[in-house]
Amino acid sequence: MTSFRQFFESSTLMKTGLIAIAAAAAIAAGSAQALTTLDFANYTATGGGSVSNYGQFANVTFNWADIPYTGYVTITSDSAFSLYLSDYSGGTNTDELSGYVLINQTTSTRLTNDVTWCGKTRTAEAIRGSCNLISNDASIPYEKIMPDTVTAAYNLSAGSYLLGVYDGNDPEGSVSFQASEIGYQEIISPVPLPAGGMLLLGALGGMAARRRFRKAA
């Protein structure tokens, strides 16, 4: 007859295994990408860019070391999301301004129409046309957006978008955005999926070792 102690130990081991399985499943679920596509389509040789997709939010950075600079990224999401301007460095000029373009490809609608500054021929053709301005200097007398991780610059519906930057004024700089379905998120280090597998295997191995120990006793 199974003693209460054996039953308790068996139940405890089973709970440990279930917790490990649940943790691995949660990690695997977290790796699913709701922002289904986020890729740089083009940027000039004077600079570059990077994207980091964490599933429900993604970080996009444009950077350049010479002018003119132009670059854009495609963002496709299967649900509504917000776009934040998280950081901006406009270089050494006192009138730090850069232009950004946001186009809803799903509806063929340009969402940035404040100035014509990005209509120059040296702007990438896919985003060429009117744009809005970015600055980190509140005293500059232009309508502009400034870095803000509390209030989103745009709240967007599901669909495909072009997000681009043009700068022909500041010799070096960078612009960072975050597209997020869950509000602005601080940058984190994602847990690699294999860690979830190791957690599960470790728990199951412990259960097996425990059973062998009881039989040997």
**Prompt:** Looking at Leu97 and Trp117, what are the two nearest heavy atoms and their distance?
**Reply:** O-CH2, 3.7 Å

**Request:** Anything under 30° is parallel, anything over 60° is perpendicular, the rest tilted; go ahead and classify Phe177 against Phe62.
**Result:** perpendicular

**Message:** Is there a side-chain contact between Val165 and Trp64 in this structure, where contact means two heavy atoms from C-beta onward sitting under 4.5 Å apart?
**Reply:** yes

**Prompt:** When rounded to the nearest 0.5 angstrom, what is the spacing between CG in Asp87 and CG in Asp148?
**Reply:** 12.5 Å

**Asked** How many angstroms lie between OH in Tyr72 and CD in Glu125, if you round to the nearest 0.5 Å?
**Response** 9.0 Å

**Message:** Is there a side-chain contact between Val101 and Leu163 in this structure, where contact means two heavy atoms from C-beta onward sitting under 4.5 Å apart?
**Reply:** no

**Asked** Which atom names give the shortest non-hydrogen contact between Asp137 and Met146, and what distance separates them?
**Response** N-CE, 3.8 Å

**Complete:** d(Arg128 CZ, Thr123 OG1) to nearest 0.5 Å is 6.5 Å

**Complete:** Between Ala58 and Asn53 the two heavy atoms that sit nearest each other are CB-CA, 3.9 Å

**Prompt:** Is it the case that Tyr142 and Ser135 place a side-chain donor and acceptor less than 3.5 Å from each other?
**Reply:** no

**Asked** Does a side chain donor of either Asn59 or Ser52 reach within less than 3.5 Å of an acceptor in the other side chain?
**Response** no

**Request:** Return the minimal non-hydrogen interatomic distance between Thr70 and Ala124, and the atom names on each side.
**Result:** OG1-N, 3.1 Å

**Joint cluster assignment, Phe81 & Tyr184, ILVMFWY side-chain distance < 4.5 Å** = no

**Message:** Just by distance, no angles: are the side chains of Tyr166 and Arg122 close enough, under 3.5 Å, to form a donor-acceptor pair?
**Reply:** yes

**Prompt:** Is there side-chain contact between Thr112 and Tyr154, with heavy atoms separated by less than 4.5 Å?
**Reply:** yes

**Message:** Could you see if Val60 belongs to whatever hydrophobic cluster contains Leu111? Use Ile, Leu, Val, Met, Phe, Trp, Tyr and a side-chain cutoff under 4.5 Å.
**Reply:** yes

**Verdict with supporting geometry, Ile145 and Tyr100, side chain to side chain contact (heavy atoms under 4.5 Å, CB included)** = CA-CA 10 Å; Ile145 62 169; Tyr100 74 97; 3.6 Å; yes

**Asked** What's the shortest heavy-atom distance between Asn132 and Asp114, and which atoms?
**Response** OD1-N, 3.0 Å

**Message:** Nearest 0.5 Å, please: how far is OG1 in Thr149 from CD in Gln178?
**Reply:** 9.0 Å

**Request:** Answer yes if the side chains of Ser176 and Thr61 hold a donor-acceptor pair under 3.5 Å, and no otherwise.
**Result:** yes

**Request:** Mind checking the CD1-OG spacing from Ile127 to Ser130? Nearest 0.5 Å is all I need.
**Result:** 11.0 Å

**Message:** For Gly168 versus Ile67, what's the shortest heavy-atom pair and its separation?
**Reply:** O-CD1, 3.4 Å

**Asked** Hey, are the side chains of Asn169 and Ser98 touching, using non-hydrogen atoms and a 4.5 Å cut-off?
**Response** no

**Asked** Same cluster or not: are Tyr84 and Val51 linked, directly or through other Ile, Leu, Val, Met, Phe, Trp or Tyr residues, by side-chain heavy atoms under 4.5 angstrom apart?
**Response** no

**Prompt:** How far does CG of Asp167 sit from SG of Cys118, to the nearest 0.5 angstrom?
**Reply:** 9.0 Å

**Item:** Given Ile103, Ile75, Asn104, the one that forms side chain to side chain contact (heavy atoms under 4.5 Å, CB included) with Leu162
**Value:** Ile103

